[in-house]
Q: 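The structure that follows is given in the form of structure tokens.
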Amino acid sequence: LGQTARRRMPNREGAILISVTTGYTDEAEESLAELEELAASADVVVLDKIVQRRPQIDPRTVIGRGKLEELLIRSMRLGADLIIFDSELTPAQVRILSEATDLKVIDRPQLILDIFAQRAQSREGKLQVELAQLKYLLPRLVIGQNSAFSRLAGGIGGRGPGETKLETDRRRVRDRIAQLERQVEDLRRQRFERRKTRAQRHLPLISLVGYTNAGKSTLLNALTQSEVYVEKKMFATLDPTSRRLRLPYEQEVIINDTVGFIRDLPETLVAAFRATLEEIADSDLLVHVVDASNPAASQQIASVDKILTDLKLDQIPQLIVLNKADLTSAETIEVLARQITLAHNVEPVAVSAIQRETLRPLVEHIAARIGSFSVEKEQLQTGATRRAI
């Protein structure tokens with residue numbers, strides 16, 4: 001199967017995906033299925049998937065010496081170019097695994113960084129991705145010809161704005177990180193000034209948040225008759241997009257499309273994209289878009305909630321939208337809606353972003369929520385004015 005896939009797509013790298021767990025194998029398989037999606041988004045051909053359950057993770061090779069030898073034989077048979085681990089590898093593990101094979105060895109965070117490097121279009125996006133890549137690679141960088149990363153220059157795990165700098169010494173990498181941090185901070189200030197100007201116009205701000213590939217950009221296009229780039233791949237949207245949306249009763253709002261979330265999002269990436277994510281902080285309402293057709297929808301909601309909490313954005317009012325309702329059954333929607341109502345005390349709205357007739361209830365919900373916020377704001381401002389008098 002693997003060799004057939006390689007013959008059909010000779011210009012794409014082939015990978016073996018590996019998950020090592022000390023817990024339940026079904027959870028590991030679910031996570032590995034998501035890793036396969038990530039690999040496909042990075043234009044990698046998946047040749048094989050391996051789940052190994054161990055009493056404890058091997059601190060040196062992750063999978064153990066015997067299993068590693070089996071893996072290397074398997075990779076030669078399939079003609080694999082790289083091995084992708086579903087967990088974050090330590091610098092020592094990368095070094096030991098790379099010394100054991102001529103193949104590239106990368107982990108889940110590095111694959112996500114690679115996808116971001118492919119997707120980044122704007123100057124800000126490229127700066128943020130390069131900063132995240134360098135911060136991730138710095139502790140793993142070994143000076144000299146035998147670096148574990150010498151074979152990563154270019155291709156999966158080594159592309160992007162920072163690829164030519166992977167073999168430079170640590171001091172130069174640190175200097176570059178400091179330079180990038182200053183540039184990102186300048187952009188953050190510019191973004192803050194733009195938000196301040198927008199706030200003076202008194203237009204409510206709504207942000208679409210959610211798991212990657214939940215259909216946020218498609219929903220934005222449907223609501224605002226826009227043509228924001230949409231692709232059925234993870235992290236198709238990196239640069240935030242803002243559009244105006246006219247609601248019933250002559251209300252007008254700004255609606256933001258944001259980068260998708262994912263479980264185990266690399267910390268370096270969250271830190272680098274903090275300036276972009278600050279856009280969400282000024283929102284009057286978060287519209288949490290969920291792919292209702294995904295069997296792991298509940299877990300994806302939990303992952304998004306965790307990231308919002310970590311970013312201290314969980315206090316912003318939230319409306320949950322069950323998207324892709326056309327791809328699943330009414331029973332599934334009903335069960336998911338009941339779970340959400342119990343957990344969040346919020347009644348979700350079911351829609352299909354590609355069926356415009358389903359969007360009316362969503363627009364009315366947004367209008368009602370924004371209307372109530374506007375009344376509260378007006379009352380607070382009136383009270384403050386009276387106290388000042």
Q: Side chain of Tyr211, backbone of Arg263: donor and acceptor closer than 3.5 Å?
A: yes

Q: Checking Gln299 against Glu30 for the side-chain contact (heavy atoms from CB on, under 4.5 Å) test, could you report, in this order, the C-alpha distance in whole Å, the side-chain angles of both residues, the deciding distance, and whether it holds?
A: CA-CA 10 Å; Gln299 293 92 311; Glu30 186 185 294; 3.2 Å; yes

Q: Salt bridge (Lys or Arg N to Asp or Glu O under 4.0 Å) with Glu27: which residues, sequence neighbours excluded?
A: none

Q: Spell out, as yes or no, whether a donor-acceptor pair under 3.5 Å connects the side chain of Glu347 to the backbone of Thr341.
A: no

Q: Where do Ser293 and Thr328 come nearest, in terms of heavy atoms and distance?
A: CA-CB, 4.0 Å

Q: Under 4.0 Å between a side-chain nitrogen and a carboxylate oxygen: does that hold for Lys324 and Asp291?
A: yes

Q: Is a side-chain N or O of Arg54 found less than 3.5 angstrom from the main chain of Thr21, in a donor-acceptor match?
A: no

Q: Would you call Glu364-Arg360 a salt bridge at under 4.0 Å N-O?
A: yes

Q: What distance do Asn323 atom CG and Ser352 atom OG have between them, rounded to the nearest 0.5 Å?
A: 6.5 Å

Q: How far does CD of Glu334 sit from CD of Gln339, to the nearest 0.5 angstrom?
A: 11.5 Å

Q: Are Leu285 and Ile320 linked, directly or through other ILVMFWY residues, by side chains that come within less than 4.5 angstrom of each other?
A: no

Q: How long is the gap from NZ on Lys49 to CD on Glu36, to the nearest 0.5 Å?
A: 4.0 Å

Q: Provide the closest heavy-atom pair for Ser41 versus Gln118 in the form atom of the first, atom of the second, distance.
A: O-OE1, 4.2 Å

Q: Any non-hydrogen side-chain atom of Asp58 less than 4.5 Å from a side-chain atom of Val20?
A: no

Q: Between Val351 and Ile370, is there a shared hydrophobic cluster once you connect ILVMFWY residues whose side-chain heavy atoms come closer than 4.5 Å?
A: yes

Q: Assigning hydrophobic clusters by single linkage (Ile, Leu, Val, Met, Phe, Trp, Tyr; side-chain heavy-atom cutoff under 4.5 Å), is Leu223 placed with Ile354?
A: no

Q: Looking at CG of Leu313 and CG of Leu308, how far apart are the two atoms once the value is rounded to the nearest 0.5 Å?
A: 6.0 Å

Q: Between Arg244 and Leu203, does a side-chain contact (heavy atoms from CB on, under 4.5 Å) hold up when you go through it step by step?
A: CA-CA 9 Å; Arg244 286 193 179 214; Leu203 285 176; 3.7 Å; yes

Q: How far does CD of Glu181 sit from CD of Glu185, to the nearest 0.5 angstrom?
A: 9.5 Å

Q: Hey, does Val129 have a side-chain heavy atom less than 4.5 Å from the side chain of Arg119?
A: no

Q: If you compare all heavy atoms of Val304 against all heavy atoms of Gly210, which two are closest, and at what distance to 0.1 Å?
A: CG2-C, 3.7 Å

Q: To check you understand the geometry: which heavy-atom pair defines the closest contact between Thr218 and Ala353, and what is its length?
A: CG2-CB, 3.8 Å

Q: Over all heavy atoms of both residues, which pair between Leu113 and Ala132 is shortest? Give the atoms and the distance, please.
A: CD2-CB, 3.6 Å

Q: Would Tyr136 and Ile112 show up in the same hydrophobic cluster when neighbours are defined by side-chain heavy atoms closer than 4.5 Å?
A: yes

Q: Under the side-chain contact (heavy atoms from CB on, under 4.5 Å) rule, what do Val346 and His288 come out as? Steps first, then yes or no, please.
A: CA-CA 11 Å; Val346 172; His288 179 171; over 6 Å; no

Q: For a quick test of reading the model, state the closest non-hydrogen atom pair linking Gly23 to Arg53 and the distance between them.
A: O-NE, 2.8 Å

Q: Any sub-3.5 Å donor-acceptor pair from Asp284's side-chain atoms to Leu205's backbone N or O?
A: yes

Q: Take a 6.0 Å sphere around CG of Asp26 and say whether it holds more than 12 heavy atoms from other residues, nucleotides or ligands.
A: yes

Q: Please answer: with hydrophobic residues joined when any side-chain heavy atoms are less than 4.5 Å apart, are Leu319 and Leu359 in the same cluster?
A: yes

Q: In Å and rounded to the nearest 0.5 Å, what is the CG to CD1 distance from Leu103 to Ile16?
A: 7.5 Å

Q: So if I apply the side-chain contact (heavy atoms from CB on, under 4.5 Å) rule between Ile18 and each of Ile84, Asp86, Asp107, Leu71, which one comes out positive?
A: Leu71

Q: Does the side-chain contact (heavy atoms from CB on, under 4.5 Å) test come out yes or no for Glu37 and Asn213, once each step is laid out?
A: CA-CA 10 Å; Glu37 269 192 79; Asn213 211 18; 4.1 Å; yes

Q: Answer yes or no: are there more than 12 heavy-atom neighbours, outside Gln56 itself, under 6.0 Å from its atom CD?
A: no

Q: For Arg189, is there an ion pair with Asp186 - N to carboxylate O distance below 4.0 angstrom?
A: yes

